[in-house]
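First up is the structure itself, then whatever we jot down about it.
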Amino acid sequence: MDSDNGPRRDDEHDEPAPRAPDDELELIPLDEPEEIAPPTPAPSHRFDEPHAAPKPAPKSGPKSAPKTKDAPKEKPASPLVRPGLGGPKAALIAGVVLLVGAMVAAAIRISGLQGSSFSDSTLAVFYVLYMTLLHTMTGFAALLIAAKVAGRELGKAELGAARMFAAVAAFALVANLTIPIPTRLDELFLAAVAYTLVVWGWNRLPRVELGIVVTSHALLLIAVALGSLLDGAYTEAKSKLGPPKPRVVEPEAQTPPAETAPTP
């Protein structure tokens, strides 16, 4: 017995457990921690804030409108009667020259007919003058119709009237020429071509507007010519009928007086 040190513990006499060699040790792999996705935020049930009231538009002015480079600039439509190529005075002078030539051509053409006299030539001159002035007004009305149908502005009215006067005078000049062809259709066709060229070239009209002007003017010309034919036919028919017959008023039938009984 050990009396000095006292009783010894049993674990002091135990031998340490034998260790396995290093190559026999099994290494247990440690699982890497899984990446945790961040939580998705819960949908907010908050209502959208009401839109703010629109601000009043700034006052119109040269500096208030914002300038945008990409915005296309709208070009105003050009008027039907375009300026340029001379003003109203130049067109009026050209029309007067063409009208004088038309009156001379009409007088020469009438004087070449058999049985014509000076009065017939004078009548032809005044007829050409009257018809040119009349159809200048109908031509100006055709310009107004074309501007209304095409949705464009007319432009300067005096310039349009002067150019139409020159176009009608050109028509009258060519129509009264004596072209060596048996019929008169060639002069009228060439006169219509001359009129169309003057209207188109002086106003530089597109095809649609030119067609509207020519068609409207032709319809107005036909209406005036039809009215003249009806007036002439009515006047001739009235002259053939002679003066009106006097109206005979028949006397009223007289009723016989009633018989009276004889008095006794």
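All values below were derived from every heavy atom in this structure, side-chain atoms included, with hydrogens, water molecules and symmetry-related copies excluded.
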Please tabulate, for side-chain N and O atoms in residues 221-237, each donor-acceptor pair with protein atoms closer than 3.5 Å (sequence neighbours left out).
| from | atom 1 | to | atom 2 | distance (Å) |
| --- | --- | --- | --- | --- |
| S228 | OG | V224 | O | 3.1 |
| T235 | OG1 | D231 | O | 2.8 |

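Using a 4.5 Å cut-off between side-chain heavy atoms of Ile, Leu, Val, Met, Phe, Trp and Tyr, with links allowed through other members, W200 and V213 fall into the same hydrophobic cluster. With hydrophobic clusters built from ILVMFWY side chains whose heavy atoms lie under 4.5 angstrom apart, L144 shares a cluster with V81. When hydrophobic clusters are built by joining Ile, Leu, Val, Met, Phe, Trp and Tyr residues whose side-chain heavy atoms come closer than 4.5 Å, directly or via intermediates, V100 is not grouped with L173. In this structure, M103 is not a member of the same hydrophobic cluster as V97, with clusters built from ILVMFWY side-chain heavy atoms closer than 4.5 Å.
Atom CZ in R82 sits 7.5 Å away from atom CG in L205 (nearest 0.5 Å). One finds the CG atom of L92 at 9.5 Å from the NZ atom of K89 (value rounded to the nearest 0.5 Å). In this structure, OG1 in T136 is found 8.0 Å from CE in M164, a value given to the nearest 0.5 Å. To the nearest 0.5 angstrom, I110 atom CD1 is 10.5 Å from Y127 atom OH. Between L190 atom CG and L197 atom CG the span is 10.5 Å, to the nearest 0.5 Å.
Residue pairs meeting the ring-ring contact (aromatic ring centres under 6.0 Å, His included) criterion with at least one partner in residues 83-104, sequence neighbours excluded, do not occur; the list is empty. Pairs passing the salt bridge (Lys or Arg N to Asp or Glu O under 4.0 Å) check and including a residue from residues 195-221, sequence neighbours excluded, read R152-E209.
The hydrophobic cluster containing V208 also includes I145, V149, I212, under a criterion of side-chain heavy atoms closer than 4.5 Å among ILVMFWY residues, counted directly or through chains of members. Grouped by direct or indirect side-chain proximity (heavy atoms under 4.5 Å, Ile/Leu/Val/Met/Phe/Trp/Tyr only), W202 sits with L85, V198. Side-chain contacts under 4.5 Å among hydrophobic residues (ILVMFWY), followed directly or transitively, place L219 with no other residue at all.
Minimum interatomic distance between R163 and P83 (heavy atoms only, all atoms of both residues): NH2-C, 4.1 Å. The heavy-atom pair separating A169 from A102 by the smallest distance is O-CB, 4.3 Å. The two atoms that bring A166 and A91 nearest to each other are CB-O, 3.9 Å, heavy atoms only. Residues A107 and S121 come closest through the heavy atom pair O-OG, 3.6 Å.
Under the rule for a ring pair (Phe, Tyr, Trp, His ring centres under 6.0 Å), F165 has no partner lying at least two apart in sequence or in another chain. With sequence neighbours excluded, the residues satisfying side-chain contact (heavy atoms from CB on, under 4.5 Å) with K156 are E158, L159. Checked against side-chain contact (heavy atoms from CB on, under 4.5 Å), A161 has the following partners two or more places apart in sequence or in another chain: F140. In this structure, the side-chain contact (heavy atoms from CB on, under 4.5 Å) partners of L220, at least two apart in sequence or on a different chain, are T138, A141. A search for side-chain contact (heavy atoms from CB on, under 4.5 Å) contacts involving A194 returns V174, not counting sequence neighbours. The ring pair (Phe, Tyr, Trp, His ring centres under 6.0 Å) test applied to H217 returns Y195, not counting sequence neighbours.
Formation of a donor-acceptor pair under 3.5 Å by the D120 side chain with backbone atoms of S117 is found in this model.
Two residues are said to be in side-chain contact when any heavy atoms from C-beta on lie closer than 4.5 Å; V199 and V214 fail this criterion. Considering only heavy atoms from C-beta on, V128 comes within 4.5 Å of L99 through its side chain. Counting only heavy atoms from C-beta outward, the side chains of L80 and N203 never approach each other to under 4.5 Å.
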